[in-house]
Every structure is written in C-alpha cells, then in structure tokens.
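Here's the structure, in structure tokens; my notes come after.
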Amino acid sequence: MNRLDIKNGCILRLTKAPGRCAEDLFKGIQSSDAGVRCDSLKELASVSTDVTFAQEFISRDGHLLLVKIVEDSNESNVIMTHTLTGFMELMDHGIVSWENLSSVFIKKIAGFVNAKSTDASIQQVCLDILESMVLSSHSLFLQVKQEITMERLIAHLQVTNQQIQTKAMALLMALLQTAGDSDRKDMFDFLTKKNVRQYIYKNIIHSSGSVQDEMAHYLYVLQSVTLNLQEPRMRTPLDCCSQEQRDILHGLRQAAFETESENSLSHERRRSLCAKEFRKLGFSNNSNPGQDLSRTPPGLLALDTMYYFATRYPDAYSRFVLENSSREDKHECPFARSSIQLTLILCEILRIGEPPSETGSGYHPIFFSQDRLMEELFCVCIQLLNKTWKEMRATQEDFDKVMQVVREQITRTLSSKPTSLELFKNKVNALNYSEILKLRQTERLHQEETLAPPVLELKERLKPELLELIRQQRLNRLCQGTMFRKISSRRRQDKLWYCRLSPNHKMLHYGDVEEDTENPPIETLQEKIPVADIKGLLTGKDCPHMKENKGKQNKEVLDLAFSITYDVEEYSLNFIAPSRTDFCLWTDGLSVLLGREMSSESMRSELEILLSMEIKLRLLDLENVPIPDNAPVVPKPPSNFNFCYDFSQTEQ
C-alpha cells in the first residue's frame, strides 16, 4: 500500500542499539570518575524518553541505581539534577510502579523540596516527582502529605522562578484533588489562614511575565475545587423544620421592614403581617416562603447569598426592597425570586458542582482577589438586576427576559477577565441594556456574514446603482409636486402654494392654490424658475425666512425649513415642508438637480434597506456556505492553449 511513498525517501538518524546504550550508561553511572558519571547521567536524562531504551535500562535495575544515588546524596547539584531528571523520565513510562519506592527515597525527595537552600533545578524535578507519587496511590499521598510542609510549598509560590511556581502549584493541586473531604477542608482552612490566594494574586497573576498555559490550568483547578465547596449547600433544599434556617428567613424580613413590636400582636395579626412582608420581599409562597427554596440547585446557597447581601450591605438591601415595594405590582422586581434565579445563574456560570476538566484553563483572575467570590458577585449582580429591570421597564411577565439579559451581562464581563471586584462592577454596570442590544445586533450581522469582507466589497459595488435608483425616485417625487404653507409675520399660517418640477427637469413651477386643490396641472402654476439659474440650497437657520423671524421660530419649524437661491443669490424661494419626509425628499431632489450628493437621513435609511435586501437576494444560493475572507487565488494560465477546440476549421 505504501510502496509508492518509498521513492520519496526518509531521513533516518543512526544511533546506538537501545540495549547497548543502556549497558554503556549503566556502567558509566557506576564509574569512579565524577566527569564520566556526570556525562552518563546527562545522556541518560536525554535518552530515557525512549520507551525501548527505558525497558532495557530498567531490566538491568538501572532505576535502582538512580534511587541509591538519591538516597546517598553524596553527588554534586549538577549530577543530582541529571539523576532526578533521568529517574522521572524512566518512571513516566509506567514500567515500574511508584509504590515500590522506599520511604527513605521519599524522605530525601521531600527534604530537597523543604530545604531553603536547595538548587532550583533539583527542587523543580523533586516537585514533579512528588506530584506523580501523590496521583499514583492513596498510600503515597499520605506519605507525601506527612513529609511536605505546607509552609514551604506556599513559599515556593512566592518565588520569581515561574517553573518552581508551576511545579509547586501542580503538587498543591494534586494534594487537594486526592484528599478526602475532611482532609481537603482542613487544607483549605490552612490555605485561607495563610492568605495563599493573595500570594497567587500578587506573585503569579500580577507578576511581570504572562501566565503560562500549564499554570493557567492549575489556577483553573484551584478555582474549581474551591468553588465546589459550595456544592453541598447548593444541593440541599431548605428544611422547614430547621429553626436556624427559619430564623435566617425572618431575619431577611426584619432587616427590610421596620415593623412594630410583633410580640404585642395576636397570632393571626402577626401571621398576616409576616405573609404580607414576605410577599413584598418577592417570595411566591408568602405564607410558607421556605417552599421557594426547596428547589435544588440553588437550594440553601440562595438563602446564604441573600442573607450575606442583607447583612454585608444593609443599606443597598433595604433600598432594593423598599424601592420595589413602592412600585406598581406589575412593575416591581421581586427580590427573593430574582435572588434565587440569580444564584442559579452564578452557579452555572462558575460551574459549581462540575468536576475540574483535565484540559480546562478558564480561570477568573477576580476569584483570587476575593475570599468570598460567590457572595460578593451576587451582591454586585443583584443590584445590576434591579438596574436592568428598570432600564427594560419590565413587568412580572418579562422576568425570564430580564434574567437572560443579566446572564449575558455577567458572562460578557467575566470573559474580559477583570482583575478586581471594583473593575467587574464598573464594567458590568457600563454594559447596560442598550449596549447588550447593540452587541446582539452586531453579532447577528456577523452570523449572517453581512460583515464579511467579500460581502462588504459587494455592498460597495452595489451602492452606485442603488443611489441612482434613489436619485430617480427623488426627481420623480419633485415632478409630482408638493403643497406648502406660507408663513407670514402677522399670523402663523397663511395661504397655500404648490411647487413641482417640470417633466424635463429644466424648470421649477410654483404658484398659489386653494386649499381643496389636489395636484394642480403644471399650466396653472404661474411662476417658474429655470433649474440652471438655481445657485444654492439652504436649510434650517441659514434660510432667509428663518433669519427674518429670528427668535420667533421653534425648533420644529427650523427642522422643516429650506430655501433655494437664484439669479446670483439676490432672490430666494422659501419653503416650510409639511413633514420631515417631504423635507428629505425635496432637499435630496434639489441636491441632485444641483449635482451634489444627497445627505438626508431618509436617503441613508433607504440605501441601507435596499442594500440589505439586495445582499440577501444575492446570497440566497450561498445559504449555509461559509464565505472566506479572501478570494481564492487565481491559478496561472497554462503554458499553451493546445487543448482549445478550433471551430473555424470545422466550419470551413
């Protein structure tokens, strides 16, 4: 099958047979000459990546030789680095189990990591070895956890060496992921106590160099594992029999409303008051608000976020609830219902409850700037929700639409990787409802490929033809004519007059008409101006009849006024258009007669509509076919055209 490929040849690198190479290096490592040992170990670190060589070397118990060198620790830093690198490469093939290693070896490797003055290259490989041990078995995890001091591991995150930082982070993530629930909780408590997040934020995220892909993955894993500590609360519904949870619910109500002493009220009166206030808080089931929190997710996590907002930002909480309590019923934004749905949205965006992916790297820098990211994000976003609700002038029926917009606001803002909560707050509030609509429109155009370079080029080619179509329409409209009202200084509206263009586009005919006259014949219009004598077109406050009545005309009349000057600008014919549409038609038509470009907003709108329709018609056959940004390369012409058929000889 591949015989034809042989003629192309291959470049082959000649090398020693794996068995012979393994034998030579096995002997070289045991040499009494330190230089030979160093060279042999250096070569071993290089060739150990080959699985065939690794099998040969391990079959001679070469890996045990490397273990003995580490346990004795009599060699120089350079030799030790090569030894550890070669050992790591050999073990990566999975030929020998990690569990066969002695506790002395593990203590030595951990000692290199714990020591403050160890060579950086040695520490880097040792961290790598320990990570593989932790991930290989639970018994090794327990040994490594016992030997490694967390303080030293945290200290490695504060160094400037990015490789050491990355390997230390990898070991920390391996320990966290392998640990059981109780061990993991203890480790997180320790990391929180030592402000590890601040170290990462300062020394890794805000370091002078960019965050590499491997480090980005470990930051993502730390974020995912930490946020997943919220999963039990998210999966637990509210227990109506729990006094503590009932107290939190009533605490929300009491924080929002300053009520009279409830103890002095009768049972029925107190119950009625509570139900009324829970309804104002936005609970669907006001007699038993705990029912609203029975859905999981978000379960008790929604109660936690609401209570955090009410206690951490009491003024903002009271303002939200009271502001919506005073609105009309259909326009009020229900705090509790919104909070429950918003908590669910945040859980989905932050992927709470999902195990970390093996290839994921989508961490949020903001996570490392906050100890309680979920709660703080909720506090910002619930106020954003209230703002968006007002911008959309939403009613209860629009609840789902508002939540979709809020989800989009949060997702778009987080995708820009804000590095602090304050920056997130500023960005998400700037991304208001009108901005979201603009972004959606732009994305829709991109999706329809109306912004693809070839389509834009096609638009430019179609423009002259469509502009000519609009010009003809404007001139035809001028030929039909329009009825105008005269504005006198004595009274606002006086006589009517009619103006129209002659069919040959050479004369402008006008004259007074009666109110009930429709489309008077051109012969009945006594006055006329040759188009060739028209010198200019004036609009708005530049018109002579607007200057005469300066200060008396309102903006509406100014927007409809235009004049034409003729006979060396000594005379002018003044117009007040009946509507903005007529103003655009006449100013465009007169501009065409004067050989100028049309500039009205009506022309721009019509051109866009015509272009859009024409483009869609032309792209009908290309539906679901991706349009490339650049045209295909035109091939060079052939060397001769002998393949062409000559019809002339046949005819003769």
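Numbers for residues simply follow the sequence, beginning at 1.
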Start with the C-alpha gap between Thr305 and Leu342, add the side-chain angles, then the distance that decides, and say whether side-chain contact (heavy atoms from CB on, under 4.5 Å) holds. CA-CA 10 Å; Thr305 52; Leu342 178 61; over 6 Å; no

Verify side-chain hydrogen bond (donor to acceptor under 3.5 Å, both in side chains) between Tyr308 and Glu376, making sure each step is shown before the conclusion. CA-CA 9 Å; Tyr308 183 87; Glu376 289 293 342; 2.5 Å; yes

The test is salt bridge (charged side-chain N to carboxylate O under 4.0 Å, His left out); show your working for Glu460 and Lys463 and say whether it passes. CA-CA 5 Å; Glu460 290 302 316; Lys463 264 186 186 178; 3.5 Å; yes

side-chain contact (heavy atoms from CB on, under 4.5 Å) between Leu293 and Met306, intermediate numbers included: CA-CA 12 Å; Leu293 294 160; Met306 283 192 280; 4.1 Å; yes

Thr192 vs Asp189, side-chain hydrogen bond (donor to acceptor under 3.5 Å, both in side chains): CA-CA, chis, key distance, verdict: CA-CA 5 Å; Thr192 304; Asp189 290 343; 5.4 Å; no

Would you please test Thr419 and Tyr201 for side-chain contact (heavy atoms from CB on, under 4.5 Å) and show each step? CA-CA 9 Å; Thr419 52; Tyr201 189 68; 3.9 Å; yes

Candidate pair Arg407 and Glu348, rule salt bridge (charged side-chain N to carboxylate O under 4.0 Å, His left out), full reasoning: CA-CA 10 Å; Arg407 177 192 284 271; Glu348 290 170 354; 2.4 Å; yes

Check step by step if side-chain contact (heavy atoms from CB on, under 4.5 Å) holds for Tyr220 and His364. CA-CA 8 Å; Tyr220 154 77; His364 299 295; over 6 Å; no

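For the residue pair Glu608 / Ser612, no side-chain donor-acceptor distance below 3.5 Å is found, with atom types taken as modelled. A donor atom on one side chain and an acceptor atom on the other are not found under 3.5 Å apart for Ser600 and Ser602. Between Asn285 and Ser287, the side chains place a donor N or O and an acceptor N or O closer than 3.5 Å (distance only, hydrogens not considered).
For Gln243, the CD atom is densely surrounded, since the number of other residues' heavy atoms within 6.0 Å is greater than 12. Atom NZ of Lys202 has 12 or fewer neighbouring heavy atoms from other residues, nucleotides or ligands inside a 6.0 Å radius. Crowding of Glu244 atom CD: a count of heavy atoms from other residues, nucleotides or ligands under 6.0 Å not exceeding 12. Taking a 6.0 Å sphere around CG of Asp213, one finds it holds 12 or fewer heavy atoms contributed by other residues, nucleotides or ligands. Atom NZ of Lys145 sits in a sparse spot, with 12 or fewer heavy atoms from other residues, nucleotides or ligands closer than 6.0 Å. Heavy-atom contacts from other residues, nucleotides or ligands closer than 6.0 Å to CZ of Arg351 number 12 or fewer. Around CG of Asp247, the count of heavy atoms belonging to other residues, nucleotides or ligands within 6.0 Å exceeds 12.
In plain terms, the two heavy atoms of Leu175 and Phe141 that are nearest each other are O-CE1, 3.5 Å. Heavy atoms only, all atoms of each residue included: Gly362 and Gln223 are closest at O-NE2, 3.7 Å. Of all heavy-atom pairs between Pro334 and Trp389, the closest is CD-CH2, 4.0 Å. Shortest non-hydrogen contact noted between Ala168 and Leu157 is CB-CD2, 4.2 Å. Heavy atoms only, all atoms of each residue included: Ala256 and Val321 are closest at CB-CG1, 3.9 Å. The two residues Pro365 and Lys417 have their closest heavy-atom pair at CD-CD, 3.8 Å.
A cation-pi arrangement is not found for Arg312 relative to Tyr307, the charged atom failing to lie both closer than 6.0 Å to the ring centre and inside a 45° cone about the ring normal. Relative to the ring axis of Phe399, Arg337 places its NZ or CZ within 45° and under 6.0 Å from the centre.
Looking at Phe278 and His250, their side chains come closer than 4.5 Å, going by heavy atoms from C-beta outward. Looking only at side-chain heavy atoms (C-beta outward), Tyr363 and Val221 stay at 4.5 Å or farther from each other. Here the side chains of Leu377 and Ile366 are in contact, with some heavy-atom distance below 4.5 Å. Under the 4.5 Å side-chain criterion, counting only non-hydrogen atoms from C-beta, Thr388 is not in contact with Asn432. The side-chain heavy atoms of Ser210 and Gln212, taken from C-beta on, include a pair separated by under 4.5 Å. Between Pro356 and Gln177 the shortest side-chain heavy-atom distance falls below 4.5 Å. Taking the side chain as every heavy atom from C-beta outward, Leu346 and Leu301 never approach each other to under 4.5 Å. Contact of the Ser207 side chain with the Ile205 side chain is not registered, since no non-hydrogen atoms from C-beta on lie closer than 4.5 Å.
Not a single donor-acceptor pair under 3.5 Å links the side chain of Asp183 to the backbone N or O of Ala179. Side-chain atoms of Asn203 come within 3.5 Å of backbone atoms of Tyr199 as a donor-acceptor pair (strictly under, hydrogens ignored). The backbone N or O of Val159 sits less than 3.5 Å from a side-chain atom of Gln165, completing a donor-acceptor pair. When atom types are taken as modelled, the side chain of Arg152 and the backbone of Asn114 share a donor-acceptor pair closer than 3.5 angstrom. Checked by atom type and distance alone, the side chain of Asp398 pairs as donor or acceptor with a backbone atom of Thr395 at under 3.5 Å. For the pair Asp559 (side chain) and Arg580 (backbone), a donor-acceptor distance under 3.5 Å is absent. Using modelled atom types, no side-chain atom of Asn324 and backbone atom of Glu332 make a donor-acceptor pair closer than 3.5 Å. Between the Asn228 side chain and the Glu354 main chain, a donor and an acceptor come within less than 3.5 Å of each other. Remark: the backbone N or O of Gly299 is not paired with any side-chain donor or acceptor of Arg235 at under 3.5 angstrom. Of the possible donor and acceptor atoms, none in the side chain of Thr411 sits under 3.5 Å from a partner among the backbone N and O of Glu408.
A salt bridge links Lys438 with Glu435: the closest approach of a Lys/Arg side-chain nitrogen to an acidic carboxylate oxygen falls below 4.0 angstrom. In this structure, Asp315 does not pair ionically with Arg319, as no charged nitrogen and carboxylate oxygen lie closer than 4.0 Å.
The CG atom of Leu176 lies 4.5 Å from the CE atom of Met187; values are rounded to the nearest 0.5 Å.
In summary, the aromatic rings of Phe320 and Phe309 are positioned with their centroids too far apart to meet the 6.0 Å limit. The aromatic ring centres of Phe368 and His206 sit 6.0 Å or more apart.
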